[in-house]
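Only one structure is covered here, and it is reproduced in the block below.
Remember, it's a predicted structure, so these values are computed and weren't measured experimentally. FYI, the numbering just counts along the sequence from 1.
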Amino acid sequence: MNTHPYLRAFMAGITVPTLLLPVVLTGFFVARFICHIPVAIERVIVFPMALVPNLFGLWNVFYLWLHPRRHLPLGFHGAILPFILAPTGYAIASSLGFLTLSSEGMVWFRQITVPYAFFATGFGFALIAYYLVWKHLVGFFNEALGIA
């Protein structure tokens, strides 16, 4: 199966975030409508739903493109992705006015203040999660589509 390897790599890459986004969306709905947390869902969820699956797919295509020259395992390759997503998300959120910085932490929608320590800890957990997702789930789909 050597036809269209980059298309198959893109499809293998977008599978995992596409399957997980309804779970995230359900969490936002519960937070907004059941727990009455004042978060504008339509403003927050647009970035992940539009960009994250495509970046996963393109990142997997990039991994395949590096195939003859790569020395990095798939899990580590995937763990680099938060270093691209986090600054991109911050730039978009701050330019649209959803996110501002204060001395105590980041302020979302001028209502919710999240301390910087929470973001540092969350980023560390995101790196671990991305490593595991890429190593096991994206790696599984790459093998299933014959591009591993």
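- Using a 4.5 Å heavy-atom cutoff, the side chains of L99 and V107 are not in contact.
- In this structure, I34 shares a hydrophobic cluster with V30, the cluster being traced through Ile, Leu, Val, Met, Phe, Trp and Tyr side chains under 4.5 angstrom apart.
- In this structure, the side chains of I80 and W59 come closer than 4.5 Å at one or more pairs of heavy atoms.
- Looking at heavy atoms from C-beta onward, F10 lies out of side-chain contact with N60 at the 4.5 angstrom threshold.
- One N or O on the side chain of R8 and one on the backbone of T3 form a donor-acceptor pair closer than 3.5 Å.
- By the 4.5 Å heavy-atom criterion applied to side chains, M106 and T100 are not counted as neighbours.
- Residues L7 and V138 fall into different hydrophobic clusters, defined by Ile, Leu, Val, Met, Phe, Trp and Tyr side chains chained together at heavy-atom separations under 4.5 Å.
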Which atom pairs, one a donor and one an acceptor, fall under 3.5 Å between side chains of residues 13-26 and the rest of the protein, sequence neighbours left out?
unit_1 : atom_1 : unit_2 : atom_2 : d
T15    : OG1    : M11    : O      : 2.6
T18    : OG1    : I14    : O      : 2.6
T26    : OG1    : P22    : O      : 2.7

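- In plain terms, the two heavy atoms of Y116 and S102 that are nearest each other are OH-O, 2.7 Å.
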Less than 3.5 Å apart, which donor and acceptor atoms pair up between the side chains of residues 117-136 and the rest of the protein, not counting sequence neighbours?
unit_1 : atom_1 : unit_2 : atom_2 : d
T121   : OG1    : A117   : O      : 2.9

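- Here the side chains of L64 and P5 are in contact, with some heavy-atom distance below 4.5 Å.
- Here the straight-line distance linking atom OG of S95 with atom OH of Y90 works out to 10.0 Å at 0.5 Å rounding.
- Closest non-hydrogen pair, S94 versus A91, comes out as OG-O, 3.3 Å.
- The OG1 atom of T113 sits 11.0 Å away from atom CG of L101, with the distance rounded to the nearest 0.5 Å.
- Residue F83 holds its CZ atom at 13.0 Å from OG1 of T88, rounded to the nearest 0.5 Å.
- When every heavy atom of A9 is checked against every heavy atom of I147, the shortest pair comes out as CA-CD1, 3.2 Å.
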